[in-house]
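Quick caveat, the model's predicted, so the values are computed rather than measured. When a residue number appears, it is its place in the shown sequence, counting from 1.
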Amino acid sequence: MTAVGNPGDSSRTAPRGLLRRYPLASYFAIAFLFSWIIEVPVALSAQGILPFTIPTPAVAFAVVAATFGPTVGAFVMTGLTEGKAGTVRLLRRYVQWRVGIQWYFFVLLGIPLIIVLGTIVIPGALSSFQPILGPLLIAYPMAFLLTFFLGGPLGEEPGWRGFALPRLQERSGPLWGSVILGSCGRCGTSRCSGAGCGLLRRSRT
């Protein structure tokens with residue numbers, strides 16, 4: 001006696017099988033689709049194509065939310081290809097300290113110092129230089145945290161570096177894997193995000 005399977009089960013598992021068969025292509029498709037669904041209306045509004053204007057707070061939220069496309073894609077594909085254990089490994093990489101604490105101090109203190117030194121060597125800049133050490137000490141850490149959480153690194157890098165880059169480097173080597181990832185990332189996310197940021201800038205004027 002031949003058992004007949006449920007046709008609904010096969011129809012539900014077919015898309016998952018396709019995603020597992022092409023994990024990299026599926027990852028980029030999910031990452032870009034998530035970002036574009038959010039960014040395209042913002043870009044169309046910025047160009048005046050839509051019959052309405054998206055409010056500034058909604059644009060700001062959309063620009064931030066769209067940066068999480070790569071990470072959303074990483075968690076979806078990691079869950080499909082590696083299961084719960086793979087998702088846990090990806091989460092653990094958020095708290096891995098791969099460099100010494102001195103490099104974190106360099107980011108917080110050394111980079112502002114380099115910026116200041118690079119400014120005062122410009123002819124005439126030193127005579128008009130006005131130190132703003134107090135405000136800088138307050139603003140820079142805040143800008144650092146805001147950029148980390150809302151500016152892209154938290155939303156993009158777990159996907160780019162945590163999922164896509166290891167697989168691209170395994171296929172194409174360290175150099176070309178990085179080049180491919182950089183090209184795909186810029187082509188897929190920069191244009192619409194730029195339109196949204198432009199709309200934010202115009203709304204302030």
Side-chain angles (χ1 to χ4, degrees), residues 5-43 58-101 103-104 107 144-197:
N6 188 351
D9 293 339
S10 60
S11 63
R12 286 192 294 268
T13 57
R16 294 185 179 183
L18 183 64
L19 294 176
R20 292 192 185 103
R21 195 175 302 117
Y22 304 102
L24 266 176
S26 301
Y27 163 75
F28 282 111
I30 294 171
F32 293 155
L33 184 61
F34 180 90
S35 298
W36 289 347
I37 287 176
I38 299 173
E39 290 179 332
V40 166
V42 174
V59 173
F61 177 80
V63 170
V64 173
T67 64
F68 282 82
T71 293
V72 170
F75 277 102
V76 170
M77 291 308 303
T78 299
L80 285 175
T81 58
E82 302 178 28
K84 183 178 179 180
T87 303
V88 172
R89 284 194 297 270
L90 183 59
L91 286 170
R92 286 177 177 171
R93 296 182 67 179
Y94 277 71
V95 293
Q96 284 183 346
W97 290 54
R98 298 190 176 186
V99 296
I101 190 66
W103 293 108
Y104 289 89
V107 170
F144 182 84
L145 291 174
L146 288 174
T147 301
F148 176 77
F149 286 104
L150 304 178
L154 185 63
E156 294 184 354
E157 298 309 323
W160 296 144
R161 298 178 184 272
F163 185 88
L165 185 60
R167 289 162 175 79
L168 285 170
Q169 290 183 334
E170 183 179 353
R171 289 186 175 190
S172 306
L175 176 59
W176 284 109
S178 301
V179 171
I180 294 170
L181 178 61
S183 301
C184 291
R186 286 303 89 198
C187 292
T189 61
S190 62
R191 293 184 180 274
C192 291
S193 294
C197 293

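G177 and S172 make their closest contact through N-CB, 4.0 Å (heavy atoms, listed as atom of the first residue, atom of the second, distance). Taking all atoms of both residues into account, the shortest heavy-atom contact from A164 to F28 is CB-CZ, 4.2 Å. The two residues A31 and P70 come nearest to each other via the heavy atoms CB-CA, 3.7 Å. Nearest approach of A62 to V42, heavy atoms of both residues: CB-CG2, 3.7 Å. Residues T71 and Y94 approach most closely at CG2-OH, 3.6 Å, considering heavy atoms. Between Q169 and S178, the shortest heavy-atom contact is NE2-OG, 3.5 Å.
The cationic atom of R167 (NZ for Lys, CZ for Arg) lies less than 6.0 Å from the six-membered ring centre of F163 and within 45° of the ring axis.
T67 places no side-chain N or O within donor-acceptor distance of the main-chain N or O of G155, the cut-off being under 3.5 Å. Y27 places a side-chain N or O within donor-acceptor distance of the main-chain N or O of G159, the cut-off being under 3.5 Å.
With I180 as the fixed residue, the side-chain contact (heavy atoms from CB on, under 4.5 Å) test singles out one of L168, L175, L24: L168.
Using the six-membered ring where Trp is involved, W36 and F32 have ring planes that are parallel, under 30° apart on the 30 and 60° scheme.
To the nearest 0.5 Å, atoms OG1 (T81) and CZ (R21) are separated by 14.0 Å. Taken to the nearest 0.5 Å, the OG1 atom of T147 stands 12.0 Å off from the CG atom of L154.
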- [ ] Give the intermediate values and the outcome of side-chain contact (heavy atoms from CB on, under 4.5 Å) for residues L90 and F75.
- [x] CA-CA 8 Å; L90 183 59; F75 277 102; 3.8 Å; yes
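With contacts defined as side-chain heavy-atom distances shorter than 4.5 Å, the pair I30/M77 qualifies.
Residue Y22 qualifies as open at atom OH: its count of foreign heavy atoms under 6.0 Å is 12 or below.
Taking the salt bridge (Lys or Arg N to Asp or Glu O under 4.0 Å) definition, one finds that R93 meets it with nothing, sequence neighbours left out.
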